[in-house]
*Asks:* 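One structure, pasted below without further comment.
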Amino acid sequence: MKLYLGFILTFLLLASCKDLGSSEKDLAEEVTIKKPKIIKQFGFNLDEFNVLQDTVRNGDSFGELMLRNNVEYPKIHKISEEFRDTFDVRKIVVGKPYLILKSKDTLEKVQVFIYQNDLINYTVIDLRDSVTAYNKRNKIKYVQREASGVITSSLSEAILEQGIDYNITNNLSQIYAWTIDFFRLQKGDKFKVIYREKYINDSIYAGAEPIEAAYFEHNGKTIYSFGYESDTINKVKEYYDEEAKNLRRAFLKAPVEFSRISSRYNLNRRIAYYGYKVRPHKGTDYAAPIGTPILATANGTVEESTRRGGNGKYVKIKHNSTYSTQYLHMKNQNVRKGQYVQQGDVIGWIGMTGNTGGPHVCYRFWKNGRQVDPLREELPKAEPLSDALKPDYFAFISPLKEQLDCIEFMELSEEELLTEND
Ligand SMILES: [Zn+2]
């Protein structure tokens, strides 16, 4: 069988959208154009030195590195004592890269030591004449990118095939985790993203930034999302749709990641063991191996954490005056009664305590004191955007939405599809 073309990336733009796209293109070109220039790194012309480039190894200390390169002990002592605020020699970390710049003569005297704290920050110890030390940052540049795709296999495959950063897949599935079931993506589902890539010193790729805006078409339903800093004090970025509705829900879709539903909520369930009598199942069973973490599906206070009869070891969380959730058959609980938990916290582990035929968690969803099927409930949305912020939000997303709308999907024609599948 012929493999499907995972997805098609396109930077093509509609004629009416040209203006928007061209500025993006200019930005992108700046990065790829390689101008001939002297190798200047960390503020030094490396051609002027004998360069020793290595990473800190197990057992290395700053003193040893210097002694090994014939730096006199008093100088080393001076550095470790006098520049502690700039460079604490005891804090050098195994695996971090460093450079030693030596004189190009036969003496090969150590002139400069450069320690790379991370991709951006570095420390320079200048040993020429009187010793000086300072911290500097590499220049960072952001380049905005657009991508779109039609899914025929999986989202991650689709994105990776195009060489787009892996984080974008992750990010996209996080943004839509409450609205789209990524295990049930359909052939023909489409997406568009606008994101930024980070470059150090114009050329070194340093990863993708969180998605700025996205569009997802799933099962014919379209969902826009725009990252917006709704809490400028805590720098919290949330994703909202074009009507400023939060894409996050107050509840996670499931209490276990990567599980499968082994039994749904069913009031008319009949079981052979009980002579095919109706034994309603008021929970949703998620099967997963013993020991798999069980997550609180929403913030709340632990109402019960105990062991009782057929329920086995279980936890019940009260979220507000309307909703509570309960998690049965745990191997062990990880929370105590009265404890406050947050969405996603591990509250226990999958087990087989109580009345159960196999390892799973029976997830029970209580609404106003009655057990309901959460998969059929229109679950409450997370914290909405405050009315005060809305004008700013709409002004912020307007150009982004226009930009998204201008990204085209390049779809194969029927003929091309036929030849593809030959
Ligand atoms: Zn159950």
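Just follow the structure's listing: the first ligand is 1, and inside any ligand the first atom is 1. None of these values were measured; they are calculated from a predicted model. Values below: all heavy atoms of this structure, side chains included; hydrogens, waters and symmetry mates excluded.
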*Asks:* I'd like to verify the contacts: list protein N, O or S atoms under a distance of 2.8 Å from the Zn ion (ligand 1).
*Replies:* His281 NE2, Asp285 OD1, Cys362 SG
*Asks:* Should Tyr228 and Lys237 count as side-chain neighbours, where that means a heavy-atom distance under 4.5 Å?
*Replies:* no
*Asks:* Test ring pair (Phe, Tyr, Trp, His ring centres under 6.0 Å) on Phe62 and Phe113; report intermediate values, then the result.
*Replies:* CA-CA 10 Å; Phe62 174 73; Phe113 174 75; 5.2 Å; yes
*Asks:* Compute whether any side-chain donor of one residue and acceptor of the other, for His360 and Ser262, lie under 3.5 angstrom apart.
*Replies:* no
*Asks:* Considering residues at least two apart in sequence or located in another chain, which fulfil the ring-ring contact (aromatic ring centres under 6.0 Å, His included) criterion with Phe226?
*Replies:* none
*Asks:* Which atom pair, heavy atoms only, marks the closest approach of Thr222 to Tyr215?
*Replies:* CG2-OH, 3.3 Å
*Asks:* Looking at Lys401 and Glu242, is there a salt bridge between them, counting it only when a charged N and a carboxylate O are closer than 4.0 Å?
*Replies:* no
